[in-house]
There are 2 protein chains.
Amino acid sequence: MNAPTPLPLGHSKAPSATRGVADRLRQAIISMEFPPGTRLSEGEIATRYDVSRQPVREALISLSRIGLVQVLPQRGTIVTRISTRHMMQVRIAREALESAIVQRACERFDPVIRGSIDAILETQARAASEGDYMTITAADSQFHAALATGADCEMIWQMVLDVKAHMDRVRHLTLQDRDSMRILVEQHRAIVDAIDQRDPEKADYAMRHHLMEILRDLPRVLAERADYFE
Amino acid sequence: MNAPTPLPLGHSKAPSATRGVADRLRQAIISMEFPPGTRLSEGEIATRYDVSRQPVREALISLSRIGLVQVLPQRGTIVTRISTRHMMQVRIAREALESAIVQRACERFDPVIRGSIDAILETQARAASEGDYMTITAADSQFHAALATGADCEMIWQMVLDVKAHMDRVRHLTLQDRDSMRILVEQHRAIVDAIDQRDPEKADYAMRHHLMEILRDLPRVLAERADYFE
DNA sequence: CCTCTTGATCTACCATACAAGTCCATACTA
DNA sequence: TAGTATGGACTTGTATGGTAGATCAAGAGG
């Protein structure tokens with residue numbers, strides 16, 4: 001609280017318990033291990049992950065900021081249910097942010113990262129032909145992250161990650177066939193092509209078209225698993 | 001962690017200490033009471049606000065997610081310094097999000113909220129002619145919030161609030177004269193006009209033009225207060 | 001003068017104990 | 001039977017003590 005002290009920086013890489021619990025919980029929620037509506041108890045999670053209640057509590061605070069869980073004071077914590085209204089806003093937000101990213105990418109893009117993207121796309125194409133869902137998903141995340149990093153939009157990418165969590169959760173409910181996987185890769189290629197051509201409008205269109213696809217099956221999921229929705 | 005239980009809802013409105021500390025700290029940082037680079041200590045803030053360290057800690061976690069503070073494990077917590085690179089991304093993100101909001105507002109907008117906006121603008125116009133900075137700022141926030149709410153984008157507004165905090169902090173460093181206040185109100189009117197006319201392109205342009213204005217004086221501040229930047 | 005060690009003193013982190021609110025089954029009452 | 005207390009078993013919220021890690025200053029040794 002005193003005078004602005006430089007506070008010298010040295011790097012520490014100790015993985016805190018809070019961070020660990022947050023990551024595990026986040027993954028568990030996105031992967032539907034804890035489906036929407038699941039009641040989470042600080043104490044229960046603490047014993048399960050073998051930490052005290054405090055790190056769990058702090059992890060839940062972070063997740064509640066993203067909107068993955070809802071903390072109801074003195075009453076409990078639940079995994080947030082899916083709402084079409086919320087998902088609509090999530091889609092709008094992600095479209096807006098990622099569209100801005102690719103448009104900026106058309107202005108300037110780190111050539112080194114540009115090179116690494118080819119490798120990502122190749123990995124993804126191979127995984128698509130093999131129907132390797134895990135690799136596809138990982139590469140997809142890497143692709144979008146590389147776009148943001150290359151366009152010098154790392155902070156915006158952090159925001160995208162938050163809304164992306166909601167979309168990933170829905171995507172885990174929709175089975176992906178190989179055709180849709182191949183389409184995914186083609187859409188990625190279209191985005192990169194537009195950036196290479198320095199064509200903002202084309203990049204914008206390609207990205208929005210790509211993101212629109214993801215929530216295509218939301219109505220069907222709603223019909224099948226109404227208990228996941230609110 | 002069990003079966004998805006409905007978890008009946010009843011309303012509680014207890015203002016938690018954590019929330020209180022978070023709000024006060026947030027305000028203190030934005031208003032430059034705690035300028036960039038200020039060292040914050042959990043214990044010190046706890047005694048100052050007369051709560052224990054735990055609520056303070058949780059509040060700091062929330063603020064660190066927004067990016068207003070940086071928690072360095074085992075070393076300390078500081079109020080984040082301003083970086084032009086970060087502010088560039090903040091501007092891009094806010095433009096993208098609020099542009100999306102007004103474009104959606106052109107499709108559908110709650111008529112009741114539309115009515116309330118006139119009152120906000122009138123309040124703001126009066127405050128502008130009187131040079132009432134506090135009222136201007138409050139009304140500005142209300143205006144943008146009303147746009148988001150009317151367009152049914154409340155979740156997106158939450159995201160905007162986070163990036164807006166950074167812009168508000170910078171704005172606190174730039175003195176506002178009455179002319180720029182009047183311009184502000186006119187820009188708000190232009191946005192509303194475009195929405196009334198259901199003209200997405202016009203609304204988009206008006207919003208981006210409005211937001212661009214805010215960071216106009218950033219270079220000057222950088223020159224004057226280099227110690228606030230990194 | 002420079003380098004390294006050492007220990008005092010900070011910090012955030014984590015665990016534990018306690019407080020307070022909510023819900024629900026049960027028993028009591030009219 | 002219907003309605004209402006009541007007590008206990010949850011929940012999250014808050015307070016506090018202890019721990020490990022980081023920094024820094026003083027001093028020893030070269």
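Protein chains get the first letters and strands the later ones, always in sequence-line order, with residue 1 at the start of each.
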Nucleic acid contacts - residues 18-28 of chain A versus DNA chain C, non-hydrogen atoms under 4.0 Å: Thr18(A)

Side-chain heavy-atom pair Met87(A), Leu218(A) within 4.5 angstrom cut-off: yes

Phosphate contact (dC10(C) OP1 or OP2) by Ser41(B) side-chain N/O below 4.0 Å: no

Nearest-nucleotide pick for Gln74(A), side chain only, options being dA12(C), dT14(D), dT22(C): dT22(C)

Spacing of Gln70(A) atom CD relative to dT11(D) atom P, expressed in whole Å: 18 Å

Interatomic distance where CD belongs to Gln54(A) and P belongs to dT12(D) [whole Å]: 12 Å

Proximal nucleotide (of dC13(C), dA15(D), dT12(D)) relative to the Ser52(B) side chain: dA15(D)

CZ (Arg208(A)) with more than 12 external heavy atoms under 6.0 Å: yes

Separation of dC10(D) P from Leu72(A) CG (nearest whole Å): 19 Å

Those residues that, when tested against Arg169(A), pass salt bridge (Lys or Arg N to Asp or Glu O under 4.0 Å) (two or more places apart): none

Integer-rounded Å distance: dA15(C) P and Glu58(A) CD: 10 Å

Whole angstrom value for the distance that separates C1' of dA15(D) from OH of Tyr49(B): 19 Å

Rounded distance (Å) that lies between atom P of dT16(C) and atom CZ of Arg53(B): 16 Å

Separation of dC14(C) C1' from Asp50(A) CG (nearest whole Å): 13 Å

Under 3.5 Å donor-acceptor, Arg104(B) side chain and Ala151(B) backbone: yes

Ile45(B) CD1 to dA12(C) P, straight-line distance once rounded to whole Å: 8 Å

Within 6.0 angstrom of Asp50(B) CG, more than 12 heavy atoms from elsewhere: no

Over 12 foreign heavy atoms within 6.0 Å of CD, Glu122(B): no

Neighbour count >12 (heavy atoms, 6.0 Å) for atom CZ, Arg220(A): yes

Val71(B), nearest nucleotide to its side chain (from dA12(C), dT12(D), dG18(D)): dA12(C)

Residue-phosphate contact under 4.0 Å: Arg57(B) side-chain N/O, dC13(C) OP1/OP2: yes

Phosphate OP1/OP2 of dC13(C) contacted by Ser16(A) side-chain N/O (<4.0 Å): no

